[in-house]
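This chain uses plain numbering: 1 for the first residue, then up along the sequence.
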Amino acid sequence: MTHDLSDPTIVTTAADAAARAHAASTPFALTDRGARADALVAVADALAADADTLVPVGMRETGLAEARLRGELNRTVVQLRLFADTVRAGDYLDVRIDEADPGFALGARPDLRRYLVPVGPVVNFAASNFPFAFSVAGGDTAAALAAGCPVILKAHPGHPELSRLTAQVVVRALAEAGMPDGTFQLIEGQDAGIEALRDPRVAAGSFTGSLNAGRALADIAASRPAPIPFFGELGSVNPVFVTADGLVSAGGADALAAGFVASVSGSAGQLCTKPGFLFVPTGALAQLDAPIREAAEAVAAHRLLYPKITSGYVERRDTILGVDGVRAIASGSVEVDDDGHGWVTPTIVAVDLDTLRSAGEDLLDEAFGPLSIVVEYDPATTDLAALVPDLFPGSLTATVYAGDTEQTPDLDRLVFALSRHAGRVLFGGWPTGVAVTPAMQHGGPWPATTNDSSTSVGTAALLRFLRPVAFQSAPDRMLPLELRDDNPSSVPRATAPAGESTSWGSTSA
């Protein structure tokens, strides 16, 4: 531990947070990109230095294992540094310059220079299941700060002490790096979060959590007198499809079963990318039954995050097990302690396709916890491509296990259908474990997210908190540094010099 993390004033009110964030908005947006990148690195360094203080608190409040939390904290540190690199490079600004051209095909073209600017203060609703990577200093916070937007962080009630401690680390590091007062603030409570989202000084919102809560917040953001963008990650069932040849390419029944159970049961199934459905061809289930059961029975009981998660999981599990035609491959268990925390082992059930269709939402709705449904289908009569939109709304991920050399029109159609259904399509492997890289897409059509053109992981995540502005016929001295002729910021630029565009143009608008 390198700092005294005991500041009792770290939590503020929604109104005060909005006022301070508004005051910080312009100076923070105008901060030199290099200084902003240094501030992100300072936050990353401070979190890493205080790991031995933060991780034990996280373990106590969430029930997650030390190894999981240390790995997640490292992910948080890495993504902060990745955003710092992105800010320094400057290509995220998407600078486009069309020089004035009196001989343009549609008439004289003025000088046009376009780039992206910060939207302003962002209220970020922290997640419960990633107390570091999607919480106080997680991806949404890092992305907004990288974009140049002050952050008002609404803490999750599942880990309040960890939230306050982490916020103190962030506030201290930003202040020591010279960032404006109000660049980052912490609020607590549902009412405070709603008040902040409604505040006219707040320019955008982000959220990771339940479908009902996310929808309610998205509606608030949309119904404001001046609506604001709201980026919510809400729910996902992440189906996996195994073709007739896919079981072989997966390494056989034992390997497929082991990977499947590990993905379903990791962190007690409290991952937004957990595979909720595994579709296997007729005959494969007989091979998978025993290895799935053995793998599931070998998983030790794990605590769910907090009592509300427990009650929701118990209700969904009881509903699924109560559907006629559902057969338990691994029955699993739920033990609730005196504090209302559930200790669970994996529940894996099997159904045929007709049962899945007839049961509707009783089976198709997400089960947040270590439960998944294996569905047996007849490859001779089942059109998997048509099945996807028929049964499932949008998901964060979808996975295909196909033969190593398999290439058929039906498989091509399935892949295309999944690309319209999910933000990330996997070929083999399991969707849990999200790489923090520039090319990652962590989003998807409703209800996976409220905005399927964005991502909450990877460097493109900061684009959510930027908007485009074009300057027309501006004197060079009046332009932002990134748009000036001499490009003193050395940012990448797409240019269309005069005289080089003669076959296309624009119309008046």
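Between Val237 and Pro239 the shortest side-chain heavy-atom distance falls below 4.5 Å. The shortest distance between side-chain heavy atoms of Leu153 and Gln185 does not fall below 4.5 Å. Side chains of Val334 and Val336 form a contact here, defined as non-hydrogen atoms less than 4.5 Å apart. Residues Thr459 and Leu82 meet the side-chain proximity criterion, which asks for heavy atoms closer than 4.5 Å. Residues Phe465 and Pro229 fail the side-chain proximity criterion, which asks for heavy atoms closer than 4.5 Å.
Checked by atom type and distance alone, the side chain of Asn129 pairs as donor or acceptor with a backbone atom of Gln270 at under 3.5 Å. Panel note: side chain Thr166, backbone Ser163; no donor-acceptor pair is recorded below 3.5 Å. Under the 3.5 Å distance criterion, the side-chain polar atoms of Arg420 are left unmatched by any main-chain donor or acceptor of Gly394. In this structure, Thr455 contributes its side chain and Val457 its backbone to a donor-acceptor pair below 3.5 Å. Checked by atom type and distance alone, the side chain of Thr399 never pairs as donor or acceptor with a backbone atom of Leu426 at under 3.5 Å. At least one donor-acceptor pair closer than 3.5 Å links the side chain of His421 to the backbone N or O of Pro393. Under the 3.5 Å distance criterion, the side-chain polar atoms of Thr449 are left unmatched by any main-chain donor or acceptor of Pro445. Side chain of Asp337 to backbone of Gly340: a donor-acceptor contact under 3.5 angstrom is found. Put simply, the side chain of Thr450 gets close to the backbone of Phe230: a donor and an acceptor are under 3.5 Å apart. Judged by distance alone, with hydrogens and angles left aside, the side-chain atoms of Asp378 form no donor-acceptor pair with the main-chain N or O of Thr382 at under 3.5 Å.
Screening Val123, Leu234, Asp140 for a side-chain contact (heavy atoms from CB on, under 4.5 Å) involving Phe207 leaves a single residue, Leu234.
The two residues Tyr313 and Thr345 come nearest to each other via the heavy atoms OH-O, 4.3 Å. Of all the heavy atoms in Ala137 and Val170, the pair that sits closest is CB-CG2, 3.8 Å. When every heavy atom of His159 is checked against every heavy atom of Thr62, the shortest pair comes out as CB-CG2, 4.1 Å. Contact detail for Ser419 and Phe416: the closest heavy-atom pair is OG-O, 2.6 Å. Taking every heavy atom of both residues into account, Thr183 and Leu174 meet most closely at CG2-CD1, 4.0 Å. Contact detail for Ser456 and Phe134: the closest heavy-atom pair is OG-CE2, 3.8 Å.
When only modelled atom types and interatomic distance are considered, Ser210 and Asn212 share no side-chain donor-acceptor pair under 3.5 Å. One side chain, Glu406 or Thr243, offers a donor N or O that lies under 3.5 Å from an acceptor on the other. Side chains of Glu233 and His442: a donor on one and an acceptor on the other come within 3.5 Å. When only modelled atom types and interatomic distance are considered, Thr273 and Asn238 share no side-chain donor-acceptor pair under 3.5 Å. A donor and an acceptor atom, one from each side chain of Arg317 and Thr347, are located under 3.5 Å apart.
Checked against side chain to side chain donor-acceptor pair (under 3.5 Å), Gln407 has the following partners two or more places apart in sequence or in another chain: Asp412.
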Set out, in order, the CA-CA distance, both residues' side-chain angles and the distance that settles side-chain hydrogen bond (donor to acceptor under 3.5 Å, both in side chains) for Arg464 and Ser454, then state yes or no. CA-CA 7 Å; Arg464 297 172 295 171; Ser454 66; 5.3 Å; no
CA sep, side-chain torsions, deciding dist, call: Asp191, Lys154, salt bridge (Lys or Arg N to Asp or Glu O under 4.0 Å): CA-CA 10 Å; Asp191 291 343; Lys154 187 271 178 187; over 6 Å; no
Could you go through Glu188 and Arg164, starting from their C-alpha distance and side-chain angles, then the distance that decides it, and tell me whether this counts as salt bridge (Lys or Arg N to Asp or Glu O under 4.0 Å)? CA-CA 10 Å; Glu188 293 181 341; Arg164 296 183 197 120; 2.7 Å; yes
Let me see the working for Leu353 and Leu387 under side chain to side chain contact (heavy atoms under 4.5 Å, CB included), right down to the final yes or no. CA-CA 10 Å; Leu353 188 54; Leu387 191 70; 3.9 Å; yes
Go through Val415 and Leu418 one step at a time and tell me if the side chain to side chain contact (heavy atoms under 4.5 Å, CB included) criterion holds. CA-CA 5 Å; Val415 172; Leu418 294 180; 5.7 Å; no
Take Leu54 and Leu69, measure what side chain to side chain contact (heavy atoms under 4.5 Å, CB included) needs, and give me the verdict at the end. CA-CA 9 Å; Leu54 299 171; Leu69 287 172; over 6 Å; no
Passes side chain to side chain contact (heavy atoms under 4.5 Å, CB included), Ile309 versus Phe368? Steps please. CA-CA 8 Å; Ile309 295 288; Phe368 193 70; 3.8 Å; yes
For the pair Asp352 and Thr355, evaluate side-chain hydrogen bond (donor to acceptor under 3.5 Å, both in side chains) and give the outcome as yes or no after the intermediate values. CA-CA 5 Å; Asp352 59 36; Thr355 299; 2.7 Å; yes
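Here Phe241 and Phe277 keep their ring centres 6.0 angstrom or further from each other. Between His156 and Tyr306, the distance from one ring center to the other falls under 6.0 angstrom.
In this structure, Arg75 forms a cation-pi arrangement with Phe130, its terminal cationic atom sitting closer than 6.0 Å to the ring centre and no more than 45° off the ring axis.
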Atom pairs and distances, side-chain donor-acceptor, residues 428-440, under 3.5 Å, sequence neighbours left out:
unit_1: Trp430; atom_1: NE1; unit_2: Tyr401; atom_2: OH; d: 3.2
unit_1: Thr432; atom_1: OG1; unit_2: Ser263; atom_2: OG; d: 2.6

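No salt bridge links Arg303 with Asp339; every basic N to acidic carboxylate O contact stays at or beyond 4.0 Å. Under 4.0 Å is where a charged nitrogen must lie from a carboxylate oxygen, and between Arg60 and Glu161 at least one such pair does. Look at Asp289 and Arg327 and you find a salt bridge, because one of the NZ, NE, NH1 or NH2 atoms lies within 4.0 Å of a carboxylate O, short of that distance.
Counting heavy atoms of neighbouring residues, nucleotides and ligands inside a 6.0 Å radius, atom CG of Asp390 exceeds 12 of them. Around the CZ atom of Arg224, the shell of radius 6.0 Å holds more than 12 heavy atoms that belong to other residues, nucleotides or ligands. Atom CZ of Arg293 sits in a crowded spot, with more than 12 heavy atoms from other residues, nucleotides or ligands closer than 6.0 Å.
Distance check, rounded to the nearest 0.5 Å: OG1 of Thr310 to CD of Glu335 gives 11.5 Å. Rounded to the nearest 0.5 angstrom, Glu195 CD and Leu197 CG are separated by 11.0 Å.
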